[in-house]
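A note on names: the letters A, B, ... follow the listed sequences, proteins ahead of strands, and every chain is numbered from 1. Because the structure is a prediction, the values reported are computed rather than measured.
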2 protein chains.
Amino acid sequence: MTPSQNIKTFLETGPEYLPSVSVDCVIFGFHERQLKVLLLEFKHTKAFALPGGFVFKDESTDEAATRILWERTGVKDIYLEQFHTFGEQNRGNWDVHKATMSSHGFELETNHWLLQRFISIGYYALVDFSKVIPTPDIFSDIGGWHDIHQIPTLILDHNRIVEKALTTLRLMLDYKLVGFNLLSETFTMNELQSLYETILDKKLLRANFQRKMLSMEILERVEKKFSGKAHKPPYVYRIKKTT
Amino acid sequence: MTPSQNIKTFLETGPEYLPSVSVDCVIFGFHERQLKVLLLEFKHTKAFALPGGFVFKDESTDEAATRILWERTGVKDIYLEQFHTFGEQNRGNWDVHKATMSSHGFELETNHWLLQRFISIGYYALVDFSKVIPTPDIFSDIGGWHDIHQIPTLILDHNRIVEKALTTLRLMLDYKLVGFNLLSETFTMNELQSLYETILDKKLLRANFQRKMLSMEILERVEKKFSGKAHKPPYVYRIKKTT
DNA sequence: ATAAGTTTGTATCAAAATGATGCAATCGAC
DNA sequence: GTCGATTGCATCATTTTGATACAAACTTAT
């Protein structure tokens, strides 16, 4: 199918979606000691946006978020959590979508379903960076990771959505022990610490961090040690199976 | 206006609402050392429900929640916070609404807007019990307070919504120091402690509770003491103005 | 082979926060 | 005044957290 055919199909699925409701995903990844967010970019308008989509009438909003996540990253079984619903009357203007559609030869009337008011249910996802294959959607041409400190201006209220997601993630980090989802299955204490330091944006004392993590008794030492570097090899950990 | 006229008017306002989106409010109050929730009751069907409503196309979801809260309690300027959005495909059946409408002489076709799928944005409110005048809406005939430990079976997924609201409130209690909103403007340390004990559902040591609250430096002693009881009169406190 | 340079794992001590108990102060009832 | 009740707060013990130190384990340079 050509892009234009994809878009035509999409525009025709309007009636299959739950009206007024959209889902946006803030997908966090961790790479080279930096917290990243997956963004989409529209080629014609150079605009950036969060991966998002609509909710089919026969799926739950959680399922919609899972589906969108899978479509944009190729991964399933991901840590995904709803964090806030954004319901302002005017969340921004839709010029970007109009322009994008226009560039594909579709002129949307002002009362087109895609240009109506939507509330957006925000979800954040924590993914293993190495397992993700960023995949653009039919609106966008590029999907890529952006450092949390260098997020460009996004469409609509998406910058605010990212901010709120980050705030929530910080709050949840200790409470729900959720950070591990950003690492690969096994990791060193050093990697875990730098993850925490990046998210919380502050330095932690190594000895105390280690003590705290071990005292929670959720980490399991893998009977294998690192090799290569010119120093004592660190233990490698994984999350204990909760039997 | 007669009740039936009210309902007729309501049924006709369908097009003014944002489709698929509803708001439900868990209104907490504190009375006689018990945590209460404001519920509505439908006379004909004996069914209970949370106060809720729909979002006008020209108001934000926050504004809708504030409005609904005001309509059901008569109070404004209330602590109100969104806590979760409930987006299952099938959140329960609408028989109660059908029966209620039917009892007023309105037979709804199965594709009536009121019987469509709605997602519900949940808000919880903390109100000063003494200032509230429970007011039924057009669906219901009675509005009243129910002890949190004796919530009857509610329509749809409203029991789950109450549970989630309570969980969130417990989490937020320390983090956001939000409990004061459930008390009148001035209160004793004893009242504050029993509020905390009720919400957290556990006993707290009096001396340590007092120490903790005072150390936060958000309480101000009112230069007036209690009277009446046969013991040392407690100080009366209020929240410091944050200048 | 040995020394040097790293990072890791953990012990140890100090400081702060929390848990538990006790007691003097202040009221009304008698 | 004495009694019972409750308050405000001090004081101790215990636990948690913050900060520092040091031996162990590895590679590289000599």
Side-chain angles (χ1 to χ4, degrees), chain A residues 30 32-33 170-177 179-180 183-184 186-240, chain B residues 30 32-33 170-177 179-180 183-184 186-240:
Chain A
F30 188 63
E32 291 177 347
R33 317 230 148 178
R170 283 188 178 139
L171 269 182
M172 288 294 142
L173 198 58
D174 283 327
Y175 168 61
K176 269 203 168 184
L177 300 177
F180 312 103
L183 299 173
S184 49
T186 61
F187 47 85
T188 66
M189 197 55 81
N190 189 317
E191 289 169 340
L192 187 58
Q193 184 178 344
S194 68
L195 169 63
Y196 268 69
E197 288 180 341
T198 309
I199 295 179
L200 299 174
D201 202 23
K202 69 175 175 191
K203 284 280 165 202
L204 302 171
L205 278 181
R206 185 178 61 87
N208 297 338
F209 179 80
Q210 177 134 340
R211 179 176 61 190
K212 184 178 167 186
M213 286 298 144
L214 294 180
S215 74
M216 297 195 297
E217 300 191 341
I218 53 168
L219 294 184
E220 189 177 28
R221 272 185 185 159
V222 178
E223 280 313 320
K224 205 174 59 174
K225 297 193 175 191
F226 242 28
S227 59
K229 299 289 174 55
H231 56 72
K232 180 175 180 178
Y235 284 105
V236 177
Y237 296 90
R238 74 167 151 236
I239 304 295
K240 266 190 195 167
Chain B
F30 188 64
E32 290 178 347
R33 318 232 147 178
R170 282 189 180 137
L171 270 182
M172 288 295 142
L173 197 57
D174 282 328
Y175 168 62
K176 268 203 169 184
L177 300 177
F180 312 103
L183 299 173
S184 49
T186 61
F187 47 85
T188 66
M189 197 55 82
N190 190 317
E191 289 168 341
L192 187 58
Q193 183 178 344
S194 68
L195 168 64
Y196 269 69
E197 288 180 341
T198 311
I199 295 180
L200 300 175
D201 203 23
K202 69 175 175 190
K203 284 281 164 200
L204 303 171
L205 278 180
R206 186 177 58 87
N208 298 338
F209 180 79
Q210 177 135 341
R211 180 176 57 191
K212 185 179 168 187
M213 286 299 144
L214 293 181
S215 74
M216 299 194 298
E217 302 191 339
I218 53 168
L219 294 184
E220 187 177 30
R221 274 186 183 157
V222 178
E223 278 314 319
K224 204 176 61 176
K225 297 193 176 192
F226 243 26
S227 60
K229 299 289 174 55
H231 56 72
K232 180 175 181 179
Y235 285 106
V236 177
Y237 295 91
R238 74 166 152 236
I239 304 294
K240 266 189 194 166

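Of all heavy-atom pairs between Leu195(B) and Phe30(B), the closest is CA-CZ, 3.5 Å. A pairwise comparison of heavy atoms in Lys240(A) and Leu219(A) identifies CE-O, 3.8 Å as the closest pair. Of all the heavy atoms in Arg238(B) and Phe187(B), the pair that sits closest is CA-CE2, 4.2 Å. For the residue pair Lys212(A) and Asp174(A), the shortest heavy atom distance occurs at NZ-OD1, 3.4 Å.
As a whole-Å value, the separation of Gln193(B) CD from dG8(D) P is 11 Å. Residue Phe209(A) contributes atom CZ, which lies 16 Å from atom P of dA19(D) at whole-angstrom precision. A straight line from OH of Tyr237(A) to P of dT8(C) spans 11 Å, rounded to a whole angstrom. Taking atom NZ on Lys203(A) and atom C1' on dA19(D), their separation rounds to 16 Å, with Å as the unit. Per the geometry, CZ belonging to Arg206(A) stands 11 Å off C1' belonging to dT20(D), to the nearest Å. Separating the CG atom of Asp174(A) from the P atom of dT17(D) is a distance of 10 Å, rounded to the nearest angstrom. Here dG8(D) presents its P atom at 14 Å from CE of Met213(B), a figure rounded to the nearest Å.
Residues Val222(B) and Tyr235(B) form no side-chain contact, since every pair of their non-hydrogen atoms from C-beta on lies 4.5 Å or further apart. Side chains of Tyr196(B) and Leu192(B) form a contact here, defined as non-hydrogen atoms less than 4.5 Å apart.
A cation-pi arrangement, defined by a distance under 6.0 Å to the six-membered ring centre and an angle within 45 degrees of its axis, is absent between Arg221(B) and Tyr237(B).
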Detail all sub-3.5 Å separations between protein N/O atoms and N/O atoms belonging to nucleotides 1-6 of chain D.
unit_1: dG4(D); atom_1: N2; unit_2: Ala230(B); atom_2: O; d: 2.5

Using a cut-off of under 3.5 Å, enumerate the N/O to N/O pairs linking the protein to nucleotides 17-21 of chain C.
unit_1: dG19(C); atom_1: N7; unit_2: Arg211(B); atom_2: NH2; d: 2.9
unit_1: dG19(C); atom_1: O6; unit_2: Arg211(B); atom_2: NH1; d: 3.2
unit_1: dA20(C); atom_1: N7; unit_2: Asn208(B); atom_2: OD1; d: 3.3
unit_1: dA20(C); atom_1: N7; unit_2: Asn208(B); atom_2: ND2; d: 3.0
unit_1: dA20(C); atom_1: N6; unit_2: Asn208(B); atom_2: OD1; d: 3.1

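A donor-acceptor pair under 3.5 Å is formed between the side chain of Glu191(B) and the backbone N or O of Thr188(B).
At the phosphate of dT8(C), neither OP1 nor OP2 sits under 4.0 Å from any side-chain N or O atom of Gln210(A).
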Using a 3.5 Å cut-off and no angle test, enumerate the donor-acceptor pairs between side-chain atoms of residues 197-206 of chain B and protein atoms at least two apart in sequence or in another chain.
unit_1: Glu197(B); atom_1: OE2; unit_2: Gln193(B); atom_2: NE2; d: 3.1
unit_1: Glu197(B); atom_1: OE2; unit_2: Leu204(B); atom_2: N; d: 3.0
unit_1: Thr198(B); atom_1: OG1; unit_2: Arg33(B); atom_2: O; d: 3.4
unit_1: Thr198(B); atom_1: OG1; unit_2: Ser194(B); atom_2: O; d: 2.6

